[in-house]
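Quick caveat: nothing in here was measured; it's all calculated off a predicted structure. Below, each value reflects all heavy atoms present in this structure, side chains not excepted, and no hydrogens, waters or symmetry copies.
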Amino acid sequence: MDKALLKEEILKAHHFRHATRKYTGDKIPQNDMEFILEVARLSPSSVGLEPWRFVVLENEEVKAKISEVAWGAKKQLATASHFVLILARTDARFDSEYFYNHFKARQPDKDKLKRMIDIYEEFQTEHIEVVDSDRALFDWSSKQTYIALGNMMSAAAQIGIDSCPIEGFDYQKVNAILAEAGIINPRHEGISVMVSFGYREYHPRTDKIRKPTNEVITWN
């Protein structure tokens, strides 16, 4: 496929994508879902830290409990083919065991590893200023998960699969449900966002509405 056709196909997928509230219930083929998850795994993250985990939720009991505290996910939980929990690390500090082990696997040279971590210490401490607040550090990790989230939804749209990102839930209560079910270790991770996948039951009533190009894009 030449570049012009490829660009046309990509834009077509983005016009196709919309926040699907209710699905038909039809199942996405396993290889298609694995493709979407692989796109998530390959997504970029700040300093390459990958402070995330993707949980394909299949436990119906846990789904029912989440539905009680997730006002923005009731229809999706009931009808989606697949429901994915995107978790973010709570321990992504430069001096954490997770941080050290992650980069040790990529840089076995101890001197180079130390210099790398020193650079990231300055980055987290002075440049983005997240180390003095657990919430700021978690929010920084969560920002990375949204890169993967966007990539997953875009990839799904390109192969004709619908999706919906979901933030409408009680975060503390969902974390408690996931911890009780043994799905997360709350010392190291928490829920960042949810996303459902499937096939739309209804088509959008209107074409995609966005602000004009000149209001959101400038060349300075």
Side-chain angles (χ1 to χ4, degrees), residues 13-14 16-46 49-90 92 98 138-186 188-201:
H14 281 270
F16 164 83
R17 190 215 62 77
H18 81 111
T20 302
R21 310 296 185 200
K22 190 175 182 182
Y23 299 91
T24 63
D26 294 336
K27 281 295 181 184
I28 296 170
Q30 182 71 13
N31 63 339
D32 285 348
M33 197 63 213
E34 289 175 353
F35 161 74
I36 293 168
L37 293 165
E38 180 66 359
V39 168
R41 188 183 73 87
L42 293 174
S43 294
S45 58
S46 183
L49 190 58
E50 302 171 60
W52 53 44
R53 192 159 64 89
F54 308 93
V55 177
V56 182
L57 186 62
E58 299 181 311
N59 187 310
E60 294 299 328
E61 183 179 348
V62 173
K63 283 185 180 181
K65 289 181 178 179
I66 290 177
S67 181
E68 293 177 1
V69 298
W71 53 268
K74 293 185 183 299
K75 290 182 179 179
Q76 294 93 329
L77 278 163
T79 62
S81 169
H82 290 76
F83 198 86
V84 180
L85 310 173
I86 304 182
L87 310 176
R89 300 289 304 194
T90 60
Y98 174 79
F138 177 74
D139 285 348
W140 177 69
S141 292
S142 290
K143 284 165 64 176
Q144 315 315 312
T145 71
Y146 276 68
I147 301 172
L149 171 67
N151 286 345
M152 292 171 79
M153 293 190 298
S154 294
Q158 287 181 267
I159 58 173
I161 292 173
D162 290 297
S163 63
C164 184
I166 299 161
E167 293 183 317
F169 56 90
D170 186 314
Y171 284 70
Q172 290 187 354
K173 289 180 179 178
V174 168
N175 278 329
I177 291 168
L178 298 178
E180 182 182 14
I183 293 173
I184 67 168
N185 180 341
H188 302 303
E189 59 188 357
I191 187 71
S192 173
V193 66
M194 306 171 179
V195 58
S196 57
F197 295 96
Y199 301 100
R200 66 187 70 178
E201 181 165 290

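Atom-to-atom distance recorded for Trp140:CH2 and Ser45:OG is 7.5 Å, nearest 0.5 angstrom. The distance from the NZ atom of Lys22 to the CG atom of Asp162 is 14.5 Å, given to the nearest 0.5 Å. Rounding to the nearest 0.5 Å gives a distance of 10.5 Å between OG1 of Thr79 and CG of Asp26. Taking CZ of Arg200 as the start and CZ of Arg17 as the end, the distance is 9.5 Å to the nearest 0.5 Å. Distance check: Ile36 CD1 to Ile161 CD1 gives 4.0 Å after rounding to the nearest 0.5 Å. Ser67 OG to Lys75 NZ: the interatomic distance, rounded to the nearest 0.5 Å, is 12.0 Å.
Under the side-chain hydrogen bond (donor to acceptor under 3.5 Å, both in side chains) criterion, Ser154 pairs with no residue, sequence neighbours left out. Considering only residues two or more places apart in sequence or on other chains, Asn175 meets the side chain to side chain contact (heavy atoms under 4.5 Å, CB included) condition with Ile184, Ile191. Under the side chain to side chain contact (heavy atoms under 4.5 Å, CB included) criterion, Ala176 pairs with no residue, sequence neighbours left out.
Annotation for Gly198 and Ile28: closest pair N-CD1, 3.7 Å, computed over non-hydrogen atoms. When every heavy atom of Ser196 is checked against every heavy atom of Phe83, the shortest pair comes out as CB-CD1, 3.9 Å. Scanning all heavy atoms of the two residues, the minimum distance from Lys74 to Glu68 falls at NZ-CA, 3.9 Å. Taking each heavy atom of Cys164 and Thr20 in turn, the nearest pair found is CB-O, 3.1 Å. Shown here for Tyr199 and Lys27, the closest heavy-atom pair between the two residues is CE1-O, 3.8 Å. The shortest heavy-atom contact between Leu57 and Lys63 is O-CE, 3.1 Å.
Remark: the backbone N or O of Phe138 is paired with a side-chain donor or acceptor of Ser142 at under 3.5 angstrom. Judged purely by atom type and a 3.5 angstrom limit, Thr145 has no side-chain atom pairing as donor or acceptor with the backbone of Trp52. Within the 3.5 Å criterion, the main-chain N or O of Ala88 finds no donor-acceptor partner in the side chain of Ser141. Without hydrogens or angle criteria, Asp170 side chain to Val69 main chain gives no donor-acceptor distance under 3.5 Å.
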Verdict with reasoning, Asn59 to Lys65, per side-chain contact (heavy atoms from CB on, under 4.5 Å): CA-CA 10 Å; Asn59 187 310; Lys65 289 181 178 179; over 6 Å; no

Would you please test Ile166 and Gln76 for side-chain contact (heavy atoms from CB on, under 4.5 Å) and show each step? CA-CA 9 Å; Ile166 299 161; Gln76 294 93 329; 4.1 Å; yes

Quick one: do Ile183 and Ile177 satisfy side-chain contact (heavy atoms from CB on, under 4.5 Å)? Show the steps, please. CA-CA 9 Å; Ile183 293 173; Ile177 291 168; over 6 Å; no

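Side chains of Val84 and Met33 form a contact here, defined as non-hydrogen atoms less than 4.5 Å apart. Here the side chains of Met153 and Leu149 are in contact, with some heavy-atom distance below 4.5 Å. Looking only at side-chain heavy atoms (C-beta outward), Ile66 and Met194 come within less than 4.5 Å of each other. For the pair Phe35/Gln158, no side-chain contact is recorded, criterion being any heavy-atom separation below 4.5 Å from C-beta on. Contact of the Ser46 side chain with the Ile147 side chain is not registered, since no non-hydrogen atoms from C-beta on lie closer than 4.5 Å. Counting only heavy atoms from C-beta outward, the side chains of Tyr98 and Arg89 approach each other to under 4.5 Å. In this structure, the side chains of Asp32 and Phe197 stay at 4.5 Å or more apart for every pair of heavy atoms.
The number of heavy atoms from other shown groups lying within 6.0 Å of CD (Glu180) does not exceed 12.
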